[in-house]
Amino acid sequence: MENSQIATVFAEIADILEILGEQDNAFRIRSYRNAARTIDALPDRLADLVAGGKDPADLPGIGTSLAGKIHEILRTGTCGKLKELRRQLPGHLPELLQVKGIGPQTCKRLHDKLGIKSLKDLKGAAERGKISAILGEKAQQSILKGLATLEAVSGRISIEKATVAVAALGRHLQAIATIRRWEAAGSCRRRCETIGDLDILVDASDRAKAANDILHYAPIERILARGDEKVSVVLAGGLQVDFRFVKPDAYGAALMYFTGSKAHNIRLRKRAQAAGFKLSEYGLFKGEKRVASRSEKDIHKALTLPWIPPELREDRGEVDAAAAGQLPALIERKDLRGDLHTHTNATDGASTIEQMVAAARERGYQYLAITDHSKSVTVAHGLDEKALRKHVGRIRKAGEGLKRFWLLAGVEVDILRDGRLDIDTALLADLDWVVGSVHSVFEMPEDKMTERLLRAVESGVLDCIGHPFSRLLGQRGPLRFDVDRVFKACAQAGVCLEINAQPDRLDLPDVYCKRARQMGVTLVISSDSHKATGLDLIDYGVGVARRGWLEKKDVLNTRSAAEFRRYKKVSR
DNA sequence: GCCGTTTTCGGCCCGACTGTTTTCAGTCG
């Protein structure tokens, strides 16, 4: 039983209670939502904690009643309260809340007046024009648009696409004379895996003029809202962008507020409140008096906290850690000394060995591992033993003449369905760096997948597991295996876990970085680049590592070539 | 339904935008 499954039960209870709409329930509903959020953000599996004797009521926002329900959910997979509520509200009404503009009240009216029970019903009613009689013509249009958005993208884009969109938008904003300063906040600044919409902070000397100029940005397809404080638009392709106008003397407060996350903001506001302050996007107030607002640092300082890096702001213990002076010194891109997972034109890459080396040296690296695919990955023209031997010869030759640069001859070897590797072990033992990855048979019972990975880890020839969950964001879910057993085996065998920086992978995910570190596993951040310029994608991996609380010392490829050689000598 | 270094009762994060029961409820972030 995963945390998200437990959280979903509580979230659905909250949704149904809200649709049923009994007024005195408002704060009970909030309790269910708080509990769902708390459980979702836990770094460890609640099921394991409870099995280990932990009382769920020790968690913040969870008391005896919810603790009882947690035990019930762990035992039966659901809870009686939810079943009873579902009887009171037949159909799939909570799914209507996914449509932007529909909240619990509207949901209830749609059900009571039109008998709507599901998204499908809603779409039918909207298309036949039945909604306007109840909610008005504008609401009907808004619902149709909301449904289209929901179907089109299911919302989110990769951090890479968002970063590119911000850069393009930035060129437009830069040229507007009335804009003094601007910055992307929100999930983009926190470097989340995927981005729902962009929040852009704008400090302008003349808001009306600035808004007018902003709206001339060619990719804007539709204007959603236009007020004194904010302008919301949708770009071609469906990305929503909210521009927030802020005063320079409240810039820090606004930046903090719009960076989020929501859960982090709530945590911080409660801390402010407990100290007799009020915190909003306009500043930190004591009564009517504003005591801090210009910069984030000012506000953190007034709350007796050090500045908290945006990547940590997820309400995963960062506020308490800050208060205790125990924030990690997060790893930075400039700490990296090499890249340990790259491809060349020998398989599915586009660049030669020499081009990859040149690109690595340009980036100040001291070492680079070439790790092309092995024979099972036929679509990538993977190498068999004979081809690999030849390729390794070429890599070693290319490395011979290099001064102060270590070119490692490696491979990304396939972990077959039974856990064997698809290249002869003797050959693997001769290589400088061996990444083992799963590229096929992703669906397997959890215990079989665990055995598969354990066998690979314990083979004695692997240096690292590549993209350990083999997920593709928005396309393929993560491998299911016993995370604790596999991580523990990695720690014991001295096998690293990779943070693969490809934007559609970002694998290990951030919360598992934290867990792996706690269990004593060494981590590696790799670009998995298929061309020379692709080495820069490693930045997205650094973002994941930072979100996973990692420091320089936790990541192997922050070590100098000399230190890395010493590590290699003792590891296998 | 949860919680407590003023409290076991009486609170619970804060503000903007939209549409229109035109004074505020509903929704969003």
Side-chain angles (χ1 to χ4, degrees), chain A residues 10 13-15 17-19 21-38 56-70 79 81 96-110 131-132 134-143 145-146 149 155 185-187 190 195-201 207 211 223-233 240-246 250 253-254 256-285 303 315 319:
Chain A
F10 288 154
I13 290 176
D15 285 344
L17 283 173
E18 212 163 1
I19 294 166
E22 288 148 50
Q23 284 306 313
D24 61 355
N25 271 346
F27 289 106
R28 184 176 306 144
I29 293 166
R30 185 177 295 181
S31 295
Y32 280 107
R33 291 214 190 283
N34 286 342
R37 206 178 54 223
T38 300
D58 291 342
L59 295 169
I62 292 171
T64 47
S65 169
L66 288 175
K69 290 187 175 71
I70 288 170
C79 91
K81 173 99 177 170
L96 264 56
L97 301 178
Q98 295 169 52
V99 181
K100 214 175 271 269
I102 297 186
Q105 304 295 328
T106 311
C107 189
K108 186 167 194 317
R109 288 182 68 192
L110 288 167
I131 307 275
S132 62
I134 309 294
L135 302 173
E137 181 56 31
K138 287 215 170 182
Q140 174 159 296
Q141 289 310 316
S142 145
I143 285 174
K145 278 177 188 160
T149 325
S187 47
R190 300 202 314 279
I195 310 294
D197 52 29
L198 294 180
D199 291 293
I200 310 284
L201 247 58
R207 289 188 182 186
I223 300 168
L224 294 175
R226 188 176 178 175
D228 285 340
E229 303 291 324
K230 120 177 184 178
V231 171
S232 283
V233 303
Q240 182 175 331
V241 187
D242 297 333
F243 299 91
R244 316 275 182 169
F245 291 109
V246 301
M256 199 160 172
Y257 177 82
F258 289 112
T259 297
S261 66
K262 189 183 164 102
H264 171 86
N265 284 350
I266 291 172
R267 172 79 53 198
L268 215 54
R269 266 197 217 118
K270 282 184 178 164
R271 181 180 172 86
Q273 206 186 30
F277 296 104
K278 184 187 72 167
L279 179 61
S280 77
E281 60 262 53
Y282 300 108
L284 183 69
F285 296 85
L303 292 171
D315 192 24
V319 175

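Residue numbering restarts at 1 for every chain, and letters A, B, ... go by the order of the sequence lines.
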Taking the side chain of [X] as its heavy atoms from C-beta onward, which of [options] lies nearest to it?
X: A:Asp197; options: B:dT27, B:dG29, B:dG1; result: B:dG29
X: A:Lys69; options: B:dA16, B:dG1, B:dT27; result: B:dG1
X: A:Glu229; options: B:dT27, B:dG1, B:dC17; result: B:dC17
X: A:Lys138; options: B:dG1, B:dG19, B:dG26; result: B:dG19
X: A:Gln105; options: B:dG26, B:dT21, B:dG1; result: B:dG26
X: A:Ala225; options: B:dC2, B:dG1, B:dC17; result: B:dC17
X: A:Ser280; options: B:dG26, B:dG15, B:dG1; result: B:dG15

What's the gap between [N] and [M] when it is taken at their [atom1] atoms, as a whole Å value?
N: B:dC12; M: B:dT18; atom1: C1'; answer: 27 Å
N: B:dT7; M: B:dC2; atom1: P; answer: 22 Å
N: B:dT23; M: B:dC28; atom1: P; answer: 25 Å
N: B:dA25; M: B:dT21; atom1: C1'; answer: 10 Å
N: B:dG11; M: B:dA16; atom1: C1'; answer: 25 Å
N: B:dT6; M: B:dG10; atom1: C1'; answer: 14 Å
N: B:dT20; M: B:dT27; atom1: C1'; answer: 14 Å
N: B:dT22; M: B:dG26; atom1: C1'; answer: 16 Å

When syn is taken as a glycosidic angle within 90 degrees of 0, is B:dT6 syn or anti?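 B:dT6: anti.
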Using whole Å, what does the distance between atom [atom2] of nucleotide [N] and atom [atom1] of [X] come to?
X: A:Asp199; N: B:dA16; atom1: CG; atom2: C1'; answer: 13 Å
X: A:Gln273; N: B:dC3; atom1: CD; atom2: C1'; answer: 13 Å
X: A:Lys270; N: B:dG4; atom1: NZ; atom2: P; answer: 11 Å
X: A:Gln141; N: B:dG19; atom1: CD; atom2: P; answer: 12 Å
X: A:Arg37; N: B:dC12; atom1: CZ; atom2: C1'; answer: 12 Å
X: A:Lys108; N: B:dT27; atom1: NZ; atom2: P; answer: 13 Å
X: A:Phe285; N: B:dC14; atom1: CZ; atom2: P; answer: 12 Å
X: A:Leu279; N: B:dC14; atom1: CG; atom2: P; answer: 9 Å

In this structure, are over 12 heavy atoms from other groups packed under 6.0 Å from A:Asp58 atom CG?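 Buried by this count: over 12 neighbours within 6.0 Å.
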*Is the number of heavy atoms from other residues, nucleotides or ligands within 6.0 Å of CZ (A:Arg33) greater than 12?*
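Yes, enclosed.
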- Item | Closest-nucleotide ordering on DNA chain B, the 5'-leading residue of A:Thr106 and A:Arg226 |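 Comparing both residues, the 5'-ward one is A:Arg226.
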Which residue, A:Cys107 or A:Lys81, contacts DNA chain B at a nucleotide closer to its 5' end, judged by nearest heavy atom?
->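 Residue closer to the 5' terminus by nearest nucleotide: A:Lys81.
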Donor-acceptor under 3.5 Å ([X] side chain, [Y] main chain):
X: A:Arg207; Y: A:Glu229; answer: no
X: A:Gln140; Y: A:Ile131; answer: yes
X: A:Arg109; Y: A:Ile134; answer: yes

query = Is a donor-acceptor pair below 3.5 Å formed from side chain A:Tyr257 to base B:dG15, judging by atom type as modelled?
reply =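 There is none.
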OP1 or OP2 of [N] sitting under 4.0 Å from any side-chain N/O of [X]?
X: A:Lys278; N: B:dG15; result: yes
X: A:Tyr282; N: B:dA16; result: yes
X: A:Ser232; N: B:dC17; result: no

Could you check whether [X] gets within reach of a base, just the sugar-phosphate, or nothing at all, counting any heavy atom under 4.0 Å?
X: A:Ser142; result: nothing
X: A:Asn265; result: nothing
X: A:Val231; result: nothing
X: A:Lys230; result: sugar-phosphate
X: A:Ile62; result: sugar-phosphate

Taking all non-hydrogen atoms of both residues, which atom of A:Pro56 and which atom of A:Ile62 are closest, and how far apart?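 Answer, listing the atom of A:Pro56 first, then A:Ile62: O-CG2, 3.5 Å.
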Counter-base of B:dT8, judged by Watson-Crick or G-U geometry with both distances under 3.5 Å:
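For B:dT8, the partner nucleotide comes out as none, under the 3.5 Å rule.
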- Can you measure from CG (A:Asp199) to OG1 (A:Thr259) and round to the nearest 0.5 angstrom?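 Answer rounded to 0.5 Å: 8.5 Å.
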(request) Flag as yes if A:Phe27 stacks onto the base of B:dC2 (centroids under 5.5 Å, planes under 30°), otherwise no. (result)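 Not stacked: fails the 5.5 Å / 30° test.
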Between A:Asn34, A:Ile70, A:Thr38, A:Asp15, which is the residue that forms a side-chain contact (heavy atoms from CB on, under 4.5 Å) with A:Phe10?
->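 That would be A:Ile70; it is the only one of A:Asn34, A:Ile70, A:Thr38, A:Asp15 passing the side-chain contact (heavy atoms from CB on, under 4.5 Å) with A:Phe10.
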